[in-house]
Amino acid sequence: METTPLESISLEQAQAKQFALVDVITRHFQGNEILSLGDLGVVKGLNKPTYTKKVEEVLAEFFGAEKAKLVRGAGTGALRFGFMSILKPGEKILVHEAPIYPTSKTTIESMGIGAVYADFHKKDAIEKVILENPELKGVLIQYTRQKIDDHYDMGKTIEYIKSLNPSLPIITDDNYAAMKVEKVGVQHGADLSTFSLFKLLGPEGIGLIIGKAALVDKIEKFNYSGGSQVQGHEAMEALRGLIYAPVMLATQAQVNDQLVNRLNQGEVPGVKKAFLANAQSKVLLVELEEPIAECVLEHAMELGAAPNPIGAESKYEFVPMFYRVSGTFLAADPSLAKKMIRINPLRSGPDTIIRILADSIHQAKK
């Protein structure tokens, strides 16, 4: 089995992102404003809290986008509004030839959008599908992997699609990739990038859309009502979380690298092979010698590992998570359910994970 995980930024690069974000903040906020939790309500002339507007301006500048919009519904809501800005019911969108992420699939189906598939690993396949489907109104590219053997490059894929049809809008699903990789989709030339800020140490249910102003302006109109607005205190909490996310995620990536090396050197009996993969967050995939995955997961929970995600990678998650392989991976290969588990270190170190894994396998074999 071969995997091609996304390349994580280094700790030094993560620190640079943190410093850059703080620098942008100081250019938009006065010091006393930064010490405030933010305002509430639909301020005249803005139709949203003043602090929400300021945070959106910070995020647009930080990500190099024309405009940013904070929305409810986390990453799913952000992507849904992205679809709504370019698609109408009955129109078609180009997607990768792989299982679509379940919440994205629900949005596509509920909007009556037709999904047209192409293998994003093959330029000729992309070109053929685009030429044969001139009615296409958009493209969805998921940054993280949908199949265990996915390896397409986000930047090169966007560049190639734009070379075939520059006017075809591209939306990227940057969940589990933003602040882990060097650039998000819009920084590679996409029209919109969408992701959850709950996954980046922010408050529950807050998502971010960044990209072309004309599309973000449409999304503003969809969210005109007062109840749709992200309040100032939520925007400020999302911003504070985002400051700490890159360094935390780079540390997490370092732990993953250490675990792969130690497990593949035979440190834990019962482990056949360890891989790194984006499923959907960048995690450790552990292939077991025996089909005891479900039992191992049960014992890992008893030993202190989280049995399921919350955000995932939210501010509430700090013990390592031992969980089944992702739904999209299982859709591609159901047999993985019995012989493979995924582990996300979250805030824990490698020794804790090695201990829990070794003890869980030992108990499962009894």
Are [Y] and [X] linked, directly or through intermediate hydrophobic residues, by side-chain heavy-atom contacts shorter than 4.5 Å (ILVMFWY only)?
X    : Y    : value
V296 : M321 : no
V325 : V286 : no
M301 : I356 : no
L87  : I171 : yes
Y244 : I25  : yes

Could you tell me whether E287 and K273 make a salt bridge, using a distance below 4.0 angstrom between a side-chain N and a carboxylate O? no
Assess whether a salt bridge exists between D351 and R262, defined as any Lys/Arg side-chain N lying under 4.0 Å from an Asp/Glu carboxylate O.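 Looking at R262 together with D351, the answer is yes, because their closest N to O distance falls below 4.0 Å.
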When you measure from the side chain of [X] to the backbone of [Y], do you find a donor-acceptor pair of N or O atoms at a distance under 3.5 Å?
X    : Y    : result
E317 : P309 : no
S85  : I219 : no
K147 : A98  : no
T172 : T194 : no
S193 : I210 : no
E91  : G114 : no
R324 : I341 : no
Q146 : Y101 : no
S314 : Y316 : yes

Closest non-hydrogen atom pair, [X] against [Y]:
X    : Y    : result
A235 : V230 : N-CG1, 4.0 Å
I353 : P320 : CG1-CB, 3.7 Å
V319 : L346 : O-CD1, 3.0 Å
S196 : A74  : OG-CB, 3.7 Å
V95  : A115 : CG2-CB, 4.1 Å

By side chain to side chain contact (heavy atoms under 4.5 Å, CB included), which residues pair with A337, not counting sequence neighbours? L330
Which residues satisfy the side chain to side chain contact (heavy atoms under 4.5 Å, CB included) test with S110, sequence neighbours excluded? none
State the [atom1]-[atom2] distance between [X] and [Y], to the nearest 0.5 angstrom.
X    : Y    : atom1 : atom2 : value
L140 : L79  : CG    : CG    : 6.0 Å
Y143 : D173 : OH    : CG    : 12.0 Å
I158 : I141 : CD1   : CD1   : 5.0 Å
L357 : I343 : CG    : CD1   : 5.0 Å
L276 : L259 : CG    : CG    : 8.5 Å
L288 : M340 : CG    : CE    : 8.5 Å

Check whether any side-chain heavy atom of [X] sits under 4.5 Å from a side-chain heavy atom of [Y], and report yes or no.
X    : Y    : result
T103 : T107 : no
K69  : N223 : yes
Y117 : I100 : yes
K366 : H299 : no
L239 : L59  : yes
D119 : V129 : no
S36  : M236 : no
K67  : L215 : no

My understanding is that only residues two or more places apart in sequence, or in another chain, count here; which of them pass ring pair (Phe, Tyr, Trp, His ring centres under 6.0 Å) with Y152?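 Ring pair (Phe, Tyr, Trp, His ring centres under 6.0 Å) check on Y152 returns H96, F120, H121.
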Does CD in E7 sit with more than 12 non-hydrogen atoms of other residues, nucleotides or ligands closer than 6.0 Å? no
Would you find more than 12 non-hydrogen atoms of other residues, nucleotides or ligands less than 6.0 Å from Y160 atom OH? yes
Run the numbers on N165 and L136 for side-chain contact (heavy atoms from CB on, under 4.5 Å), then give the verdict. CA-CA 10 Å; N165 187 345; L136 282 170; over 6 Å; no
Who pairs with [X] by side-chain hydrogen bond (donor to acceptor under 3.5 Å, both in side chains), at least two apart in sequence or on another chain?
X    : value
E132 : K128
K88  : none
T106 : none
Q265 : none

Which pairs would a plain distance check flag for residues 15-23, meaning a side-chain donor or acceptor within less than 3.5 Å of a matching protein atom at least two apart in sequence or in another chain?
residue: K17; atom: NZ; partner: E182; partner atom: O; Å: 3.0
residue: D23; atom: OD2; partner: R27; partner atom: NE; Å: 2.9
residue: D23; atom: OD2; partner: R27; partner atom: NH2; Å: 3.1

Tell me which donor-acceptor pairs under 3.5 Å the side chains of residues 249-258 have, and how far apart each pair is, sequence neighbours excluded?
residue: T251; atom: OG1; partner: V247; partner atom: O; Å: 2.9
residue: Q252; atom: NE2; partner: E313; partner atom: OE2; Å: 2.9
residue: Q252; atom: NE2; partner: N344; partner atom: OD1; Å: 3.4
residue: N256; atom: ND2; partner: K282; partner atom: O; Å: 3.3

Please step through side-chain contact (heavy atoms from CB on, under 4.5 Å) for the pair T4 and R145, ending with a clear verdict. CA-CA 9 Å; T4 310; R145 309 314 191 190; 4.0 Å; yes
Under the salt bridge (Lys or Arg N to Asp or Glu O under 4.0 Å) definition, can you give me all pairs with a residue in residues 154-170, not counting sequence neighbours?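 Those involving residues 154-170 are K162-D191.
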Would you mind listing every salt bridge (Lys or Arg N to Asp or Glu O under 4.0 Å) that reaches into residues 31-40, with sequence neighbours excluded?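 For residues 31-40: E33-K54.
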side-chain contact (heavy atoms from CB on, under 4.5 Å) between F322 and L303, intermediate numbers included: CA-CA 11 Å; F322 282 54; L303 293 168; over 6 Å; no
Is there a side-chain contact (heavy atoms from CB on, under 4.5 Å) between K199 and Y176? Walk through the geometry before answering. CA-CA 7 Å; K199 292 178 172 63; Y176 302 108; 3.0 Å; yes
How would you list all residue pairs meeting ring pair (Phe, Tyr, Trp, His ring centres under 6.0 Å) that involve residues 179-238, not counting sequence neighbours?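 Residue pairs passing ring pair (Phe, Tyr, Trp, His ring centres under 6.0 Å), neighbours aside: F63-F195.
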